[in-house]
Asks: 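Encoded as structure tokens, here's the structure I'll be asking about.
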Amino acid sequence: MKIVYKDGTVDECPADQELEVIRHTAAHILAQAVKRLYPEADFGYGPATETGFYYDIDMGDTKISVDDLPAIEDEMRKIVKENLPIRPSILPRPEAIALMQERGEKYKVEHIGDLAEDAEIGFYTQGEYVDMCTGPHLRYTKALKAFKLMRISGAYWKNNAENKMLTRIYGTAFATQAELDEYLKMLEEAEKRDHRKIGKEMDLFMFRDEAPGFPFFLPKGMELKNTLIQYWREIHREAGYVEISTPLIMNRHLWETSGHWDHYKDNMYSTVIDEEPFCVKPMNCPGGVMVYQNKPHSYKELPIRAAELGIVHRHELKGALHGLFRVRCFTQDDAHIFMTPEQIPAEIAGVVHLIDQVYSKFGFSYFVELSTRPEDSMGSDEDWEKATNGLIEALNTLGMDYIVNEGDGAFYGPKIDFHLRDSLGRTWQCGTIQLDFQMPINFDLEYVDADGSRKKPIMIHRVCFGSIERFIGVLTEHFAGKFPTWLAPVQVKVLPVSEKSGEYARGVYQRLFDMGVRVEIDERSETIGYKIRESRNNDRAPYMLVLGEKEAEAGVISVRDRATDKTTSMTLDEFCEKLSKEITERI
């Protein structure tokens with residue numbers, strides 16, 4: 001695939017850039033189509049994204065909706081069919097401003113004003129349309145083979161709520177129609193698996209307008225959440241962690257010392273207690289530091305692995321809230337490891353093993369990303385170099401492939417992020433390992449070394465689930481609500497066929513309940529077909545026990561297996577043995 005750079009150079013497109021170039025070109029063709037249909041439109045930004053592209057547009061007094069997208073798509077197809085050459089050019093800053101002013105592009109003019117005085121601005125022209133862009137792009141509009149406009153939303157200019165709200169049109173594009181069709185099919189399946197829809201059907205959680213971004217967990221959701229927490233506690237105990245709990249609200253000076261106030265205050269909730277400023281914690285780490293400070297430590301005690309299921313609050317913009325994926329209150333399965341420098345490789349290896357154990361349990365594959373020092377950071381160059389090299393050494397020792405994500409580390413240290421892949425191939429960033437030299441310095445943490453000298457420990461921040469709430473959302477979509485037996489909110493649904501088998505069904509129910517099985521019985525005066533359909537669609541229980549007079553007389557049960565949708569007759573003892581194995585072994 002040939003592409004053209006802003007200096008006019010034409011070359012083969014690197015394989016890893018093909019989708020980005022295709023989608024960036026699609027964004028320009030979208031803008032050209034909109035300009036033809038709505039001449040008053042004024043354009044902001046139009047980048048390629050991981051899943052497609054979008055363009056932020058000031059539509060003036062015109063209101064458009066998803067109903068208008070087919071007409072815009074048709075105009076895009078006309079532009080593609082015209083096979084317009086896409087020609088680059090470069091202008092010095094004054095001429096670039098003059099060109100955009102002449103074309104009435106006030107947002108482009110403002111954007112140029114943010115660039116350096118000596119900047120040379122790239123432009124791409126296709127037919128009557130000119131767009132400011134660094135490129136590269138396809139050489140002709142006809143090279144765009146497969147695209148679709150997806151949805152519309154609002155977006156503030158420059159993501160600043162004080163600026164005007166623009167219309168954001170989203171689309172996607174692929175190299176071939178087959179790839180686009182496959183993607184659209186995946187989206188259709190993802191819509192069926194939407195955790196918000198399934199969560200409502202299964203009575204797992206809810207949201208209310210009175211508490212935007214603050215999830216309510218219903219009884220079945222709590223069964224799911226508590227089962228995850230029980231699993232978390234078991235594997236952490238086996239891995240040598242101790243569990244702590246730290247306050248939800250702490251004095252602001254603590255957050256100033258940690259650096260969170262300077263770097264994160266816009267996302268923090270604050271209050272006043274006894275005429276002093278306090279903050280609701282957005283992270284657990286300063287609390288963990290306070291626990292370490294509680295008493296002197298010797299090198300013989302290290303590493304100390306302190307785990308915490310801490311409830312944290314972060315202010316997210318209302319428009320960014322999305323089910324359990326983006327909330328304002330969540331449970332972070334945190335841990336902070338205090339160690340000597342020599343212990344860094346072994347401790348990172350231990351955390352990697354733990355995270356791998358968790359993801360393997362749920363059938364996730366994953367890839368690893370190393371995020372380096374951001375611009376908004378604290379600490380010396382030397383400490384950052386040591387921390388980054390420590391993570392690289394650990395990854396190399398483990399033989400793990402990784403991608404470098406420049407400048408995306410935490411403000412106090414570099415990090416390793418784990419991106420898991422679900423059953424639809426989507427990726428989610430959940431687990432993370434952050435190596436921190438700064439917080440022990442800020443809080444003057446110490447331990448007594450073998451020679452009697454006082455030294456500062458190194459600190460690891462890490463999570464496995466990330467946010468338990470978000471992880472539940474990911475699991476819900478990954479399994480489409482059909483959780484494995486050990487995790488399912490309702491493990492067995494007992495369905496008596498009629499009142500005549502009611503007593504027998506209640507006895508079966510009681511036997512399972514006494515075993516600790518999460519079991520429900522449906523004794524409503526409904527047909528057995530209705531009960532089966534409702535249980536399949538709503539409860540999604542791994543097993544349904546259909547019990548009629550025939551089963552009661554024979555002293556057996558008819559087990560309908562969700563995995564095979566087949567019904568098998570067996571004794572209750574046989575079923576209990578099978579069920580117990582699946583639950584205890586977490587199959």
Side-chain angles (χ1 to χ4, degrees), residues 232-233 235-246 250 254 257-260 283-310 333-357 370 373 377-398 400 409-416 431-464:
W232 182 92
R233 285 195 164 115
I235 61 175
H236 279 75
R237 183 175 181 274
E238 292 168 1
Y241 287 77
V242 293
E243 187 174 352
I244 63 173
S245 178
T246 63
M250 291 180 278
L254 180 71
T257 302
S258 70
H260 288 96
M283 284 93 169
N284 296 304
C285 29
V289 167
M290 296 293 97
V291 172
Y292 182 88
Q293 279 187 328
N294 185 51
K295 64 178 184 178
H297 296 282
S298 161
Y299 74 98
K300 294 180 180 180
E301 299 172 66
L302 304 184
I304 294 173
R305 307 183 188 104
E308 177 174 16
L309 293 163
D333 70 314
D334 236 329
H336 298 96
I337 303 173
F338 302 90
M339 62 196 169
T340 67
E342 296 76 23
Q343 292 168 334
I344 290 175
E347 288 308 303
I348 291 176
V351 175
V352 169
H353 172 74
L354 192 67
I355 292 175
D356 179 76
Q357 180 183 353
L370 173 68
R373 186 177 188 174
S377 63
M378 60 192 299
S380 68
D381 293 343
E382 182 183 1
D383 283 344
W384 271 91
E385 185 176 359
K386 284 182 184 177
T388 305
N389 289 339
L391 292 183
I392 292 173
E393 180 187 347
L395 289 170
N396 290 339
T397 301
L398 291 166
M400 297 187 73
F411 67 84
Y412 47 75
K415 61 179 180 171
I416 299 170
T432 187
I433 305 172
Q434 302 170 356
L435 190 55
D436 183 2
F437 285 65
Q438 304 309 316
M439 214 162 287
I441 294 172
N442 292 357
F443 285 97
D444 198 25
L445 304 185
E446 292 182 336
Y447 67 91
V448 178
D449 208 355
D451 60 3
S453 63
R454 295 184 178 275
K455 293 184 178 175
K456 299 201 174 301
I458 311 301
M459 191 173 174
I460 284 179
H461 309 245
R462 49 107 291 195
V463 294
C464 292

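Keep in mind that the numbers below use all heavy atoms, side chains included, and drop hydrogens, waters and symmetry copies.
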Asks: Keeping Thr388 on the side-chain end and Trp384 on the backbone end, is there a donor-acceptor pair under 3.5 Å?
Replies: yes
Asks: Mind checking whether Asp333 and Arg462 have side chains closer than 4.5 Å, heavy atoms only?
Replies: yes
Asks: So do the side chains of Leu391 and Pro414 get within less than 4.5 Å of each other, counting heavy atoms only?
Replies: yes
Asks: Does some side-chain heavy atom of Ile433 sit less than 4.5 Å from a side-chain heavy atom of Lys415?
Replies: no
Asks: Report yes if the side chains of Cys464 and Leu354 come closer than 4.5 Å at any heavy-atom pair, otherwise no.
Replies: yes
Asks: For a side chain to side chain contact (heavy atoms under 4.5 Å, CB included) with Met439, tell me which candidate from Met378, Met459, His336, Lys456 qualifies.
Replies: Met459
Asks: In Å and rounded to the nearest 0.5 Å, what is the CD1 to CG distance from Ile441 to Asp383?
Replies: 4.5 Å
Asks: Say whether, by atom type as modelled, one donor and one acceptor occur between the side chain of Gln293 and the main chain of Phe443 under 3.5 angstrom.
Replies: yes
Asks: Ignoring hydrogens and angles, state whether a donor on the side chain of Ser380 or Glu382 is under 3.5 Å from an acceptor on the partner side chain.
Replies: no
Asks: I'd like to check Leu435 versus Ile460 (side-chain heavy atoms, cut-off strictly below 4.5 Å). Are they in contact?
Replies: yes
Asks: To the nearest 0.5 Å, tell me how far Leu302 CG sits from Glu342 CD.
Replies: 10.5 Å
Asks: Would you mind reporting whether Glu308 and Glu243 have side-chain heavy atoms less than 4.5 Å apart?
Replies: no
Asks: From Ile344 CD1 over to Thr397 OG1, what is the distance, rounded to the nearest 0.5 angstrom?
Replies: 12.0 Å
Asks: Would you call Thr340 and Lys455 a side-chain contact if the rule is heavy atoms closer than 4.5 Å?
Replies: no
Asks: Taking the six-membered ring for Trp and the full ring for Phe, Tyr or His, determine whether the centres of His461 and Tyr412 are under 6.0 Å apart.
Replies: yes
Asks: Answer yes or no: is there a side-chain heavy-atom contact under 4.5 Å between Gln357 and Ile235?
Replies: yes
